[in-house]
Protein chains: 2
Amino acid sequence: MPIIKKATGRTGSSEDALTERGVRFTRQRKILLDLIDKTGDHLDAERLYQMAKATDPKLNRVTVYRTLKLLKEGGLVDELDLMHQAGEQHFYETRRKQEHAHVICLSCGKVEEFFGEPLQKLRRQIESHFGFEIVLARTEVGGYCSHCQAMRAREMREAAEALAVPVKPVVPVRKPVARKKSTPAQ
Amino acid sequence: MPIIKKATGRTGSSEDALTERGVRFTRQRKILLDLIDKTGDHLDAERLYQMAKATDPKLNRVTVYRTLKLLKEGGLVDELDLMHQAGEQHFYETRRKQEHAHVICLSCGKVEEFFGEPLQKLRRQIESHFGFEIVLARTEVGGYCSHCQAMRAREMREAAEALAVPVKPVVPVRKPVARKKSTPAQ
DNA sequence: GTTAGTGCAAACCTTTTGCAGCTCT
DNA sequence: AGAGCTGCAAAAGGTTTGCACTAAC
């Protein structure tokens, strides 16, 4: 398997990061890298595939997976799970200099990014504590954003009133994952 | 879907944690909860299934998944990805009072746990920064343990000597996931 | 002209679902 | 008795692989 050179200088685009060591910067890879780079969002493979098809209708889903694997191994993109909020797929973002945590609202799905010194401190402590060489780190936090907290409180109150029982906190339930159902003869 | 009561007291076993709110503490669930509780390891669904079958050969894989989902939603167990070091499966551990990070060696697969104040500080900062209500948090760190660092250094030196080229650091490559292959007519 | 990359189809692993029958309480 | 749970079979979602062909260097 080819190994791609880690981005060291980043003179301009990410193009410089590839090329060395026999890795080819093909049309397909250019499209995909551009998409990941330019979209601020966290995209998953399927969405990336759909977007890439707009530019190149012949581009195959498999190429998306292979490219993502390459970029991931080369340290150009990071893979996220986002707490599996929407299923088992992975999400991708271009690797940034500054490490950050992802904060996911389990109700509305909004993702916030948190930068802060505890992350650096954590990293240093783990390295010195275990003599560990960190290659990648990922911290994800799931819960409820301020907006959804208010909404949930209201819903809970209304439900309680409707049932005429005293309000009692309930363990939060993750929204059921929207699985695509087969539509048997609609 | 039934909701199970969060463990509040934990007087002895985890049994008290269930029972309320119509959730039944069945033989199968007892077996599985015991396994997760007593094994220090991080088990995935398949391994858990195999181990449970030793006690109850009729226990079905589906029951494992359903039980894990229940325990997860009830906050009794935490789900880990362990950096997908071994594939796409999830790993489980009983929820502990003290939050901790998982440190995974990408070479030998060893998992260490790190407790430390940066984790608490991170949590507090995220809560106050976003007004976020944290339900669960997960931080995973991948890299090389001290043992494997030495090993990799040696291997690299040897490879370099064999090729008679100057030593040059290489981007670490994740070990290929061991996929079960179909054995077409051996 | 080589070597690496692509597309296609088919496999693969992990997890979920539908439903009839069983079992706790 | 009845809600809740289990097992079974079958499906789904997401990802990977084998192979012949194509494109980048």
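Per chain, numbering begins at 1; letters A, B, ... match sequence-line order.
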Can you work out whether Asp44(B) or Val62(A) has the more 5'-proximal nearest nucleotide on DNA chain C?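 Looking at DNA chain C, the more 5' nearest nucleotide goes with Val62(A).
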Between [X] and [N], is there a side-chain N or O to OP1/OP2 distance below 4.0 Å?
X        : N       : result
His90(A) : dT15(D) : yes
Gln28(A) : dA23(D) : no
Asn60(B) : dT6(D)  : no
Thr26(A) : dA4(C)  : no
Tyr65(A) : dT15(D) : yes
Thr63(B) : dG7(D)  : yes

Protein-nucleotide distance ([X], atom [atom1]; [N], atom [atom2]), rounded to Å:
X        : N       : atom1 : atom2 : result
Arg29(B) : dC24(C) : CZ    : C1'   : 11 Å
Leu59(A) : dT22(D) : CG    : P     : 17 Å
Lys58(A) : dA9(C)  : NZ    : P     : 11 Å
Leu70(B) : dT16(C) : CG    : P     : 13 Å
Asp81(B) : dT15(D) : CG    : P     : 12 Å
Asp56(A) : dG7(C)  : CG    : C1'   : 11 Å
Lys53(A) : dG7(C)  : NZ    : C1'   : 13 Å
Glu79(B) : dT15(C) : CD    : C1'   : 11 Å

If you go through the side-chain atoms of [X], does one of them form a donor-acceptor pair with the base of [N] closer than 3.5 Å?
X        : N       : result
Arg27(A) : dA23(D) : no
Arg24(A) : dT3(C)  : yes
Arg66(B) : dG4(D)  : no

Where do [X] and [Y] come nearest, in terms of heavy atoms and distance?
X         : Y         : result
Leu119(B) : Glu99(B)  : CD1-O, 3.9 Å
His90(A)  : His84(B)  : NE2-NE2, 3.2 Å
Ile36(B)  : Leu71(B)  : CD1-CD1, 4.1 Å
Cys105(B) : Cys145(B) : SG-N, 3.5 Å

Among dC25(D), dT15(D), dC5(D), which nucleotide sits nearest the side chain of Phe25(A)?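 So the nucleotide nearest the side chain must be dC25(D).
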Which nucleotide, dT15(D), dT17(D), dT17(C), lies nearest any side-chain atom of Lys69(B)?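 Out of dT15(D), dT17(D), dT17(C), the nucleotide with an atom closest to Lys69(B)'s side chain is dT17(C).
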Roughly how far, to the nearest 0.5 Å, is the NE2 atom of His42(B) from the CG atom of Leu82(B)?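 These two atoms lie 6.5 Å from each other.
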